[in-house]
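Letters go in sequence order (proteins before strands), and every chain restarts at 1.
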Amino acid sequence: MLEKIVEPLLMWYDKNKRILPWRETFDAYDIWISEIMLQQTRVEAVKPYFLRFKTALPKMEDLASCPEDRLLKLWEGLGYYNRVRNMQKAAIQVVEKYNGKLPADYELLKTLPGIGNYTAGAIASIAYKIPVPAVDGNVLRVIARISENDDDIMKQSMKNRVQADLMKVMPKSDPGAFNQALMELGAVVCIPNGSPHCMVCPIAESCKARKGGRIDKYPVKGKAKARRLEKHTILLIQDGSRIALHKRPSRGLLAGLYEFPNLDGYKSRDEVLEQVKDYGLSPLRIQSLPKAKHIFSHVEWDMMGYAVQVSELDHPKDEKMLFVETEQTEKNYPVPRAYSAYARYVNLNLGRDKI
DNA sequence: AAATCGGGGCC
DNA sequence: GGCCCAGATTT
């Protein structure tokens, strides 16, 4: 039944595909960068990051040898930071084992860190014209709708079935175009929220959900668990023209990025002053800052904050705490967007305007 | 199988 | 406020 959609999709894609930076090339390194960046991330958000990343690290060897802070700085604001760490691990393996060239083999691609079913399929089909599917959220939605599939698209069993079904109809001539056509359709026509644009859909005749008037019932997807709430007190500790930063642990949320020193829970002025002294610093002045909220996928941070001026003669006890000039922070230290509401009080914009 | 891991745009 | 995004990895 899926074979009917192949030709219409290829024709539609050829006429309607968007012009995107990573579509100017079939170089595997470029396709790889774009596919990793596009994981759980919208096309519009990726564009400027992709161009900057390619300019900074044009070759596999450049990525393999890049210092971690610089790597994270290039990823700052994109989120899911393990993506870029895994990319570097993979790059090192590719340089050592594959002469710097991503293998033209679906199974071998999957052995590299950060490359799973979807990404291996995308690289193999787009860069190497290997006829394998690339099943992402767009594809699952489109297939669930045209076939009125009641299975939860988040389940691995559903993904495996869709992948197997698509495998049977992959066109050998240009599998990459077919995969991208399916995704492009999901992104611009068979859209998730609101109503899909069925009037311009090239495969509307093959769509069961549309025929049945049940397009709004698909895809079926389980509800996400409620977010956990965390309260934090953010400290903007300034020493003349410098600001205190703290390096986060190498595992867990926002691993390896720099943050403003902060405390669990909401703290009073006096508690903060005590804590700052415990850091080995001498507070001169303290001022409270407005509350702010930052929402992650599975956690919500409710934050309050203080600006604290300390003596310039001070030295923090904690090795992971350091005082950095604002300009240097902007240039060299990756700080997550979660802190942007407070960063502006020390004239940091966390790269919002100039990627 | 479920939890973890960012950030933003749209309804 | 909820949903979703060219998902992968860990638990």
Under 3.5 Å, N/O pairs linking protein and nucleotides 9-11 of chain C:
from    : atom 1 : to      : atom 2 : distance (Å)
dT9(C)  : OP1    : G114(A) : N      : 2.3
dT11(C) : OP1    : R251(A) : NH2    : 3.0

Pull out every protein N or O sitting under 3.5 Å from an N or O of nucleotides 9-11 of chain B, one pair per line with the distance.
none

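Within the structure, side-chain hydrogen bond (donor to acceptor under 3.5 Å, both in side chains) pairs that include any residue of residues 60-69 of chain A comprise D69(A)-Y258(A) (at least two apart or interchain). Identified under the ring-ring contact (aromatic ring centres under 6.0 Å, His included) test for residues 220-257 of chain A, with sequence neighbours left out: H232(A)-W301(A).
Between the side chain of T41(A) and the base of dG6(B) there is at least one donor-acceptor pair of N/O atoms closer than 3.5 Å. Scanning atom types as modelled, no donor and acceptor separated by under 3.5 angstrom connect the side chain of T119(A) and the base of dG7(C).
Using a 4.0 Å heavy-atom distance criterion, R248(A) is classed as making no nucleic acid contact. Residue contacts for G186(A): at a heavy-atom cut-off of 4.0 Å it reaches no nucleic acid atom on any strand shown. L257(A) comes within contact range of no nucleotide atom at all, as no heavy-atom separation falls under 4.0 Å. The residue A134(A) sits apart from the nucleic acid: no heavy atom pair falls under 4.0 Å. The residue W22(A) sits close to a base: some heavy atom pair falls under 4.0 Å. As judged by a 4.0 angstrom heavy-atom cut-off over every strand, F296(A) is placed among residues touching the sugar-phosphate backbone only. N117(A) comes within 4.0 angstrom of the backbone, heavy atoms only, and of no base.
When hydrophobic residues (I, L, V, M, F, W, Y) are linked wherever their side-chain heavy atoms come within less than 4.5 Å, the members clustered with V310(A) are L235(A), I237(A), L263(A), Y266(A), V272(A), L273(A), V276(A), Y279(A), L281(A), I286(A), M304(A), Y306(A), V308(A), M321(A), F323(A).
Between Q40(A) and P219(A), the one whose closest nucleotide on DNA chain C sits nearer the 5' end is P219(A). Closest-nucleotide positions on DNA chain B for Y81(A) and K155(A) were compared, and the one nearer the 5' end corresponds to K155(A). Judged by closest nucleotide on DNA chain B, S157(A) is the one of A338(A) and S157(A) placed further toward the 5' end.
Across dA6(C) and dA3(B), the matching P atoms stand 24 Å from one another, rounded to whole Å. Spacing of P atoms, dA8(C) relative to dG8(B), comes out at 22 Å, to the nearest Å.
Hydrophobic clustering (side-chain heavy atoms under 4.5 Å, transitive across Ile, Leu, Val, Met, Phe, Trp, Tyr) groups Y13(A) together with V6(A). Cluster membership for I215(A) and I143(A), using ILVMFWY side-chain heavy atoms within less than 4.5 angstrom, is not shared. The same ILVMFWY cluster, assembled from side-chain heavy atoms under 4.5 Å apart, contains both L51(A) and L57(A).
Atom pair Q156(A):CD and dA8(C):C1' shows a separation of 10 Å (rounding to whole Å applied). In this structure, E184(A) places its CD atom 14 Å from C1' of dC5(C), rounding to the nearest Å. Atom CZ of R228(A) and atom C1' of dA3(B) are 10 Å apart (whole Å). Taking atom CD of residue Q163(A) and atom P of nucleotide dG7(C), one finds them 14 Å apart after rounding to whole Å. Counting to the nearest Å, the C1' atom of dC5(B) and the CH2 atom of W301(A) are 12 Å from each other. At whole-Å resolution of the value, CG in L78(A) and C1' in dG7(B) are 9 Å apart. One interatomic measurement links the two molecules: NZ of K159(A) to P of dG7(C), which rounds to 9 Å at whole-angstrom precision. Atom NZ in K17(A) sits roughly 16 Å away from atom C1' in dA6(C) (whole-Å rounding).
Dashed line: the shortest gap from a side-chain N or O of K221(A) to OP1 or OP2 of dC3(C) is not under 4.0 Å. For H294(A) and dG6(B), the shortest distance from a side-chain N or O to OP1 or OP2 is not below 4.0 Å.
The environment of E205(A) atom CD is sparse: at most 12 non-hydrogen atoms of other residues, nucleotides or ligands sit within 6.0 angstrom.
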task = Could you walk me through whether Y118(A) and Q39(A) pass side chain to side chain donor-acceptor pair (under 3.5 Å), step by step?
result = CA-CA 9 Å; Y118(A) 163 76; Q39(A) 290 171 5; over 6 Å; no

Stepwise side chain to side chain donor-acceptor pair (under 3.5 Å) check, T326(A) with N347(A)
CA-CA 7 Å; T326(A) 302; N347(A) 294 318; over 6 Å; no

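Taken residue by residue, residues 136-152 of chain A places heavy atoms nearer than 4.0 Å to DNA chain C at D136(A), G137(A), N138(A), R141(A).
Between the CZ atom in R52(A) and the NZ atom in K73(A) there is a gap of 8.0 Å [rounded to 0.5 Å]. The structure places CD of E327(A) at 11.0 Å from CG of L348(A), a figure rounded to the nearest 0.5 Å.
Listed candidates were dA3(B), dC5(C), dG6(B). Nearest to the side chain of P192(A) is dC5(C). Side-chain proximity of H298(A) to dG7(B), dC5(B), dA6(C): nearest is dC5(B).
In summary, of the residues considered (K208(A), K217(A), R210(A), R214(A)), a side-chain hydrogen bond (donor to acceptor under 3.5 Å, both in side chains) with E148(A) occurs for R214(A) alone.
The main-chain N or O of I31(A) is found under 3.5 Å from a side-chain atom of S34(A) such that the two form a donor-acceptor pair.
Ring orientation note: the planes of H294(A) and F296(A) are nearly perpendicular, at an angle over 60° on the 30°/60° scale.
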